[in-house]
Asker: 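Before anything else, here's the structure in question.
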Number of protein chains: 2
Amino acid sequence: MSRSSKQKEAMLRILRRTTSHPSVDWIYEEVRREIPNISLGTIYRNLNMLKAEGAIIELSFGGAPTRYDGNCQPHYHFRCIKCGRVCDIDGQVNGDLDKRVAEDSGLEVLGHRLEFYGFCQDCGGCKESNAHPDR
Amino acid sequence: MSRSSKQKEAMLRILRRTTSHPSVDWIYEEVRREIPNISLGTIYRNLNMLKAEGAIIELSFGGAPTRYDGNCQPHYHFRCIKCGRVCDIDGQVNGDLDKRVAEDSGLEVLGHRLEFYGFCQDCGGCKESNAHPDR
DNA sequence: AATATAATAATAACAATTACTATTATGTCG
DNA sequence: CGACATAATAGTAATTGTTATTATTATATT
C-alpha cells in the first residue's frame with residue numbers, strides 16, 4: 001500500500017532522533033535542511049500517515065499547537081505553560097484507570113490522555129520572560 | 001476593571017444550566033435566541049474572559065473542537081470518539097499525582113489534564129453510524 | 001524498459017480564532 | 001441627576017493551522 005519516499009524517511013529519522021516533541025513548523029524547518037523544497041502539505045500528510053501507522057504519536061492538548069513524538073512507548077508528558085516545552089514523565093502508565101472508569105460509568109473506555117502542566121526548570125525562576133518559545 | 005454586559009450574563013447563564021459541554025457554535029446559536037445580533041467575536045472574547053476569571057473551564061483535547069464547561073468543580077471527562085459527546089466522570093481528582101510528579105521530576109507542576117476516550121452508550125453498539133455529532 | 005499508481009510540490013480552500021475599528025453601553029464622580 | 005472616560009460591542013477583516021486539489025514526479029512491479 002504505502003510506498004517509501006525520502007521525505008517520509010527523513011521525517012521519521014528526524015522524529016526518532018529528537019526528544020523535544022517538536023511542532024509541525026520545527027519539523028518542516030528541520031526537513032528542509034535536507035530537502036529544501038519539501039512542501040508543508042507533505043509534512044502534514046506524512047505526519048498523519050505515520051500517526052495512522054502507529055509510528056509516531058500526536059500530542060494535541062489544551063489548545064496549544066500540536067506536537068509530535070517519535071517515542072511510541074506509552075508515557076505521559078509535562079507541558080510548560082510559559083515556553084511551551086514538552087518533557088517526558090517517567091513512570092508507569094495506569095492501565096487500570098480505564099477499567100475502573102468503564103466499570104463505574106458503563107462507557108466503553110479505550111484509553112486516556114494525561115498531561116501535566118506548570119513551569120519547567122528554565123521558566124520556574126523567571127516567570128516573566130518568554131525564552132525558548134519553541135522547545 | 002471588568003464591566004457587566006447582557007451578552008456576558010446570558011453566556012454564563014446558558015453555560016451554568018447545561019451539562020452538555022457545548023462547543024462555541026452551540027453557545028453562539030443559543031445566545032442568539034436571546035440576543036439575535038450578538039457577534040461571534042463577542043462569544044470568543046467573553047469565553048476567554050470567563051475562563052480567565054475562573055468562571056468556566058475550557059476543554060480542548062486531542063485536536064477536537066474546543067468545548068466549554070460551566071461546572072468549575074475539578075473533575076475529569078470522557079469523550080466519545082464517534083459522536084464527540086463529552087460526559088463528566090464521577091470520582092476524585094487525584095491531587096497527589098501532581099505532587100509525586102513534581103518530586104520525581106523537579107518540575108513545578110501546577111496541575112494536570114486527564115481525559116478518557118472511547119465509545120459512549122449510544123455509539124458503542126453501532127460504531128458505524130455518526131448520530132448526534134454535536135452533543 | 002513499460003506501466004500503474006502512490007507520493008509530491010505548489011497552491012487554493014477551509015475552519016477556528018483573533019485583531020481592528022467605529023459605535024454603544026456601563027460605571028463613576030462631580 | 002448628567003457629563004465623562006473607557007470597557008464592551010457588532011461587524012468585518014486578517015491570521016493561523018490544517019486539509020483538499022491538481023498536475024507532475026518517483027516508486028515498485030511486471
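So you know, we letter chains A, B, ... as the sequences are listed, proteins then strands, and number each from 1. Computed from a predicted structure; not experimentally measured.
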Asker: With a cut-off of 3.5 Å and sequence neighbours excluded, list every side-chain donor-acceptor pair involving residues 40-47 of chain B.
Answerer:
from: T42(B); atom 1: OG1; to: R45(B); atom 2: NH2; distance (Å): 3.2

Asker: In whole Å, what is the span from the CD1 atom of I43(B) to the P atom of dA8(D)?
Answerer: 15 Å
Asker: Go through the structure and list residues passing salt bridge (charged side-chain N to carboxylate O under 4.0 Å, His left out) with E30(B), not counting sequence neighbours.
Answerer: R33(B)
Asker: Rounding to a whole Å, what distance do you find between M49(B):CE and dA19(C):C1'?
Answerer: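 One finds 14 Å between C1' of dA19(C) and CE of M49(B), rounded.
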Asker: Could you give the CD-to-P distance, from E53(B) to dA7(D), as a whole number of Å?
Answerer: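 Nearest whole value for this atom pair: 15 Å.
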Asker: Is any side-chain nitrogen or oxygen of T42(B) closer than 4.0 Å to OP1 or OP2 of dA8(D)?
Answerer: no
Asker: Would you mind reading off the distance between Q7(B) atom CD and dA7(D) atom P, rounded to a whole angstrom?
Answerer: 17 Å
Asker: Are K82(B) and D122(B) ion-paired here, with the side-chain N under 4.0 Å from a carboxylate O?
Answerer: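 Salt bridge between K82(B) and D122(B), a charged N being under 4.0 Å from a carboxylate O: no.
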Asker: Grab the NZ-P distance between K8(B) and dA10(D) for me, whole Å please.
Answerer: 12 Å
Asker: Within the 4.0 Å limit for protein heavy atoms, which parts of nucleotides 20-30 of chain D are touched? Write it as a string from 5' to 3', B for base, S for sugar-phosphate only, - for none.
Answerer: ------BBS--
Asker: In this structure, how many angstroms lie between the P atom of dA7(C) and the CG atom of L47(A), rounded?
Answerer: 15 Å
Asker: What pairs with R113(B) under side chain to side chain donor-acceptor pair (under 3.5 Å), at least two apart in sequence or on another chain?
Answerer: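 If we apply the side chain to side chain donor-acceptor pair (under 3.5 Å) test to R113(B), skipping adjacent residues, there are no hits.
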Asker: In whole angstroms, how far is the P atom of dT24(C) from the CD1 atom of I35(B)?
Answerer: 17 Å
Asker: Within less than 4.0 Å of OP1 or OP2 of dA7(C), is there a side-chain N or O belonging to S2(A)?
Answerer: yes
Asker: Nearest heavy-atom pair of A10(A) and E34(A): which atoms, and what distance?
Answerer: CB-OE1, 3.6 Å
Asker: Below 3.5 Å, can you tabulate the donor-acceptor pairs from side chains in residues 94-106 of chain B to any protein atom, sequence neighbours excluded?
Answerer:
from: N94(B); atom 1: OD1; to: D96(B); atom 2: N; distance (Å): 3.2
from: N94(B); atom 1: OD1; to: L97(B); atom 2: N; distance (Å): 3.2
from: D98(B); atom 1: OD1; to: H112(B); atom 2: ND1; distance (Å): 2.7
from: S105(B); atom 1: OG; to: V101(B); atom 2: O; distance (Å): 2.7
from: S105(B); atom 1: OG; to: L107(B); atom 2: N; distance (Å): 3.1

Asker: To the nearest Å, how far apart are R32(A) CZ and dA9(C) P?
Answerer: 11 Å
Asker: Run the side chain to side chain donor-acceptor pair (under 3.5 Å) test against S39(B) and tell me which residues pass, sequence neighbours left out.
Answerer: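 Listed in chain order: nothing, the list is empty.
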Asker: Bend across the helix from dA1(C)-dT30(D) to dG30(C)-dC1(D), to 10°, with axes taken over 5 pairs at each end?
Answerer: 30°
Asker: I'd like to check the salt bridge (charged side-chain N to carboxylate O under 4.0 Å, His left out) partners of R16(A); sequence neighbours left out, ordered by chain and number.
Answerer: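 With neighbours one apart ignored, the set is empty.
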Asker: Go through the structure and list residues passing side chain to side chain donor-acceptor pair (under 3.5 Å) with T66(A), not counting sequence neighbours.
Answerer: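 Counting only residues at least two positions away or on another chain, T66(A) forms no side chain to side chain donor-acceptor pair (under 3.5 Å).
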Asker: Detail all sub-3.5 Å separations between protein N/O atoms and N/O atoms belonging to nucleotides 15-18 of chain D.
Answerer:
from: dT18(D); atom 1: OP1; to: T66(A); atom 2: OG1; distance (Å): 3.2
from: dT18(D); atom 1: OP2; to: Y44(A); atom 2: OH; distance (Å): 2.7

Asker: Return the set of residues passing salt bridge (charged side-chain N to carboxylate O under 4.0 Å, His left out) with K51(B) (not counting sequence neighbours), or none when no residue passes.
Answerer: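 Salt bridge (charged side-chain N to carboxylate O under 4.0 Å, His left out) list for K51(B), sorted by chain: E58(B).
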Asker: With sequence neighbours left out, write down each residue that passes salt bridge (charged side-chain N to carboxylate O under 4.0 Å, His left out) with E9(B), or none if nothing qualifies.
Answerer: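 In terms of salt bridge (charged side-chain N to carboxylate O under 4.0 Å, His left out), with neighbours along the sequence ignored, E9(B) is linked to no residue.
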